[in-house]
Colleague: 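Take this structure first; my questions come after.
When a ligand or atom number is given, it counts from 1 through the structure's own listing order. On a predicted model such as this, the values are computed, not experimentally measured, just so you know. Nothing fancy with the numbering, it's 1 onward along the sequence.
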Amino acid sequence: MSDFGVSFANLLRARFPYIYVGTWEEERVLGMIRDTARNAELVRTPRSVFTWSVTDGLVGPSAPAREICEAPLDALGFVARHADPAVFVFKDFHVFFGTDKREQDHTVVRKLRDLSTLLKNSPKPKNVVFLAPTVRLPLELEKEITVLEFDLPGVVEVRELLRGMIETNKRGGRLTVELGDADIDRFANAALGLTLHEAENAFARAMVKDARLSAADIESIYDEKRQIVRKTGIVEFVKSDVQIADVGGLENLKNWLKKRDKSWLEPAQKYGLPAPKGVLITGVPGCGKSLLAKAIGSAWQLPLLRLDVGRVFGMYIGMSEENIRSALRTAEAVAPSILWVDEIEKGFSRGGESDGGTSTRIFATFLTWMQEKVKPVFVIATANDISALPPEMLRKGRFDEIFFVDLPTRRERADIFSLHMKKKIKDAQVLGSLKITPEACAKLAEATEGFIGAEIEQVVVAALFEAYAESRALAWSDFGRAIKSTVPLSTTQAERIAEIRGWADKRAVRASEPDDVGAPQVGSAPRA
Ligand SMILES: Nc1ncnc2c1ncn2[C@@H]1O[C@H](COP(=O)(O)OP(=O)(O)O)[C@@H](O)[C@H]1O
Ligand SMILES: [Mg+2]
């Protein structure tokens, strides 16, 4: 029995009157509801399952109910009168709870309040399930309705689907299958994160292409998955080839992350380690926060999903809560995984009153998930302006650690220069007589006090342009000129950066040690 089935059975047994399941997978959830409600071992008293929709009215376990009751109030009346153990599944009933286009139907809501006492006390157990693609609770019923998460299908279910499809197609003589058991496992895993229906489409497409299914077709499953994940528009798979070695400096942070590599695997759990929750990386813009997040994906060899908080809010109002839920579910379905929330402050900042409390609710959903998640999803959140974040987000227990990325130190600047020069200059002729030595990089670092990583990268690019324009090899003077013509962010936004630093100094761990370790620092407490 699935997790959903078990939780659902518990709610039925405990006589919860209203259970709300938010999902697009109507058929799949209905199947599970039917299986569970009939199972005497799970629910003690087996119940028959009725469904209701505005188009079909009430449909009983084997045929339409004697009374069809297309009107919601009639249907609720039927529920009240029905004398036998039953589960009533109402499809899309949320529209009566009010949407941005439609007002709440007070009579329906009131009727549900009246009915709830009756359901709790009826001699034979009866429960009502609301099934809709989005979760929307009327205030009046908030205490009566229990929301139940419906997970995307797990690997066992997807594998079963795939095996079934292969059998059917083979029997029809339409398909040549060249897959071993291990391949089938890989296929099923590749389709995690999709609804069952989407997985079916993905498999079907892989099969019809050339009427054969071989190990190479796994790519088309990934493609399909990327398509679908793209369609939801909130999370996307990031294919990153950035390595940890491509990020200059940030040693403390890199070491911390290194210790957590593989800590979400089974051996670590057996050892007694808690699965890491995640890390919040804040600090000065353009200093490698996003770059490092991308690097962790490849270092840990886990799927990296980027959550676009801006987009979560961008869609029509009311959908957003379901959006964040579905994003979190996708990350869980492909776990172990990394969920990268870039520039988290853009979505979860304070002052969400203007949108009718939507951002507050989304934020609460996210925080609760962070606190309670059991699936190994490592969250990397990055933020430039952490002062905009609500304090709840920063409390212990949410993130394992909060790191502060400051302007790069001299050592780090040298490191970043060296990295970008080696990366960008591939042709020995361009380099001419220059040598990328530690001494040369140290000199450049000396001349770029206050530069952020992105500006250092720009200096290298600008120097290349200078030399290219004159059709000659690079000279150090090209770098000198580029440096002189740069007005660094730390100058133009000195105040803002001072603010960011002031905040982080007390609350966050430095991503790297300052150059003058051991020397007394003005205005900052020493840190372990
Ligand atoms: N520490 C660094 N090491 C190497 N490159 C860096 C570093 N910091 C910044 N860069 C360069 O600047 C670009 C922007 O940095 P990014 O990681 O997006 O900054 P942010 O901290 O604002 O997320 C990077 O793609 C990279 O090319
Ligand atoms: Mg960034």
Colleague: What residue and heavy atom of the protein are closest to atom 23 (O) of ligand 1, and at what distance?
Modeller: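 Protein heavy atom at minimum distance: S290 OG, 2.7 Å.
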Colleague: Between R28 and E157, is there a salt bridge with N-O shorter than 4.0 Å?
Modeller: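 Counted as a salt bridge, because a side-chain N and a carboxylate O are separated by less than 4.0 Å.
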Colleague: With a cutoff of 4.0 Å, is H420 in contact with ligand 1, counting heavy atoms of the residue only?
Modeller: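 Within the 4.0 Å threshold, so yes.
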Colleague: Got the closest protein heavy atom to atom 1 (N) of ligand 1, with its distance?
Modeller: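 The protein heavy atom lying closest is G248 O, 3.0 Å.
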Colleague: Do S512 and E412 meet the criterion of a side-chain donor-acceptor pair at a distance under 3.5 Å?
Modeller: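 Checked: S512/E412 side chains pair up, N/O donor to acceptor below 3.5 Å.
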Colleague: Look at the side chain of S418 and the backbone N and O of A414, then say whether any donor-acceptor pair between them is shorter than 3.5 Å.
Modeller: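 Side chain of S418 to backbone of A414, a donor-acceptor pair under 3.5 Å: no, none is there.
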Colleague: For P285, take its heavy atoms, then give the atoms of ligand 1 lying under 4.0 Å from any of them.
Modeller: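 Numbered from 1, ligand 1 contributes 22 (O).
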Colleague: Measure L291 to ligand 1 on non-hydrogen atoms and call it side chain, backbone, both or neither using the 4.0 Å cut-off.
Modeller: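 Both backbone and side chain.
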Colleague: Using modelled atom types only, decide if a donor and an acceptor are shared between the side chain of T195 and the backbone of E198 within a distance under 3.5 Å.
Modeller: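 The answer is yes, because a donor-acceptor pair under 3.5 Å joins these two groups.
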Colleague: Which residue holds the protein heavy atom closest to atom 10 (N) of ligand 1, what is that atom called, and what is the gap in Å?
Modeller: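 Answer, as residue, atom name and distance: G453 C, 3.8 Å.
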Colleague: Of the listed options (A295, A454, P408), which comes nearest to atom 14 (C) of ligand 1 when hydrogens are ignored and any heavy atom counts?
Modeller: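 Nearest heavy atom to atom 14 (C) of ligand 1 lies in A454.
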Colleague: Does an N or O from C287, backbone or side chain, lie closer than 3.5 Å to an N or O of ligand 1?
Modeller: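 By distance alone, the answer is yes.
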Colleague: Evaluate the ring planes of W256 and F378, with Trp represented by its six-membered ring, and classify them as parallel (under 30°), tilted (30 to 60°) or perpendicular (over 60°).
Modeller: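 Rings of W256 and F378: tilted, as their planes differ by 30° to 60°.
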Colleague: Answer yes or no: is there an ion pair linking R411 with E513, defined by an N-O contact shorter than 4.0 Å?
Modeller: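 So R411 does not pair with E513 through a salt bridge.
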Colleague: Which atoms from ligand 1 have a heavy atom of I416 less than 4.0 Å away?
Modeller: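 Matching atoms, with element in brackets: 1 (N), 2 (C), 3 (N), 4 (C).
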Colleague: Looking at ligand 1, is there an atom of it that comes within less than 4.0 Å of some heavy atom belonging to D342?
Modeller: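 Judged by the 4.0 Å heavy-atom criterion, D342 does not count as contacting ligand 1.
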Colleague: Can you pull out the closest protein heavy atom to atom 16 (P) of ligand 1? Residue, atom name and distance to 0.1 Å, please.
Modeller: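 Its nearest protein heavy-atom neighbour is G288 N, 3.9 Å.
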Colleague: Using heavy-atom distances, let me know which of K294, E343, E457, Q458 sits nearest atom 27 (O) of ligand 1.
Modeller: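 Considering heavy atoms of K294, E343, E457, Q458, the nearest to atom 27 (O) of ligand 1 sits in E457.
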Colleague: Yes or no: does V247 have any heavy atom under 4.0 Å from an atom of ligand 1?
Modeller: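 Contact check V247 vs ligand 1: positive.
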Colleague: Side chains of S290 and D342: do they bring a donor and an acceptor to under 3.5 Å?
Modeller: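 Side-chain D/A pair, S290 to D342: present.
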Colleague: Ion pair present between R510 and D406, side-chain N to carboxylate O less than 4.0 angstrom?
Modeller: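 Result for this pair is yes, salt bridge flagged.
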Colleague: Kindly confirm whether the Mg ion (ligand 2) is within less than 2.8 Å of some N/O/S atom in S290?
Modeller: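 So S290 counts as coordinating the Mg ion (ligand 2), yes.
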Colleague: Please name the pair of heavy atoms, one in F150 and one in R329, separated by the smallest distance, quoted to 0.1 Å.
Modeller: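 Here F150 and R329 meet closest at O-CD, 3.2 Å.
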Colleague: Between F404 and W503, is the ring-ring contact (aromatic ring centres under 6.0 Å, His included) condition met? List the steps.
Modeller: CA-CA 10 Å; F404 170 54; W503 185 95; 8.5 Å; no
Colleague: Which heavy atom of the protein is the closest neighbour of atom 9 (C) of ligand 1, given with residue, atom name and distance?
Modeller: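 So the nearest neighbour among protein heavy atoms is G286 O, 3.3 Å.
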Colleague: Select one of side chain, backbone, both or neither to describe which atoms of K289 lie under 4.0 Å from any atom of ligand 1, heavy atoms only.
Modeller: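 Answer for K289: both.
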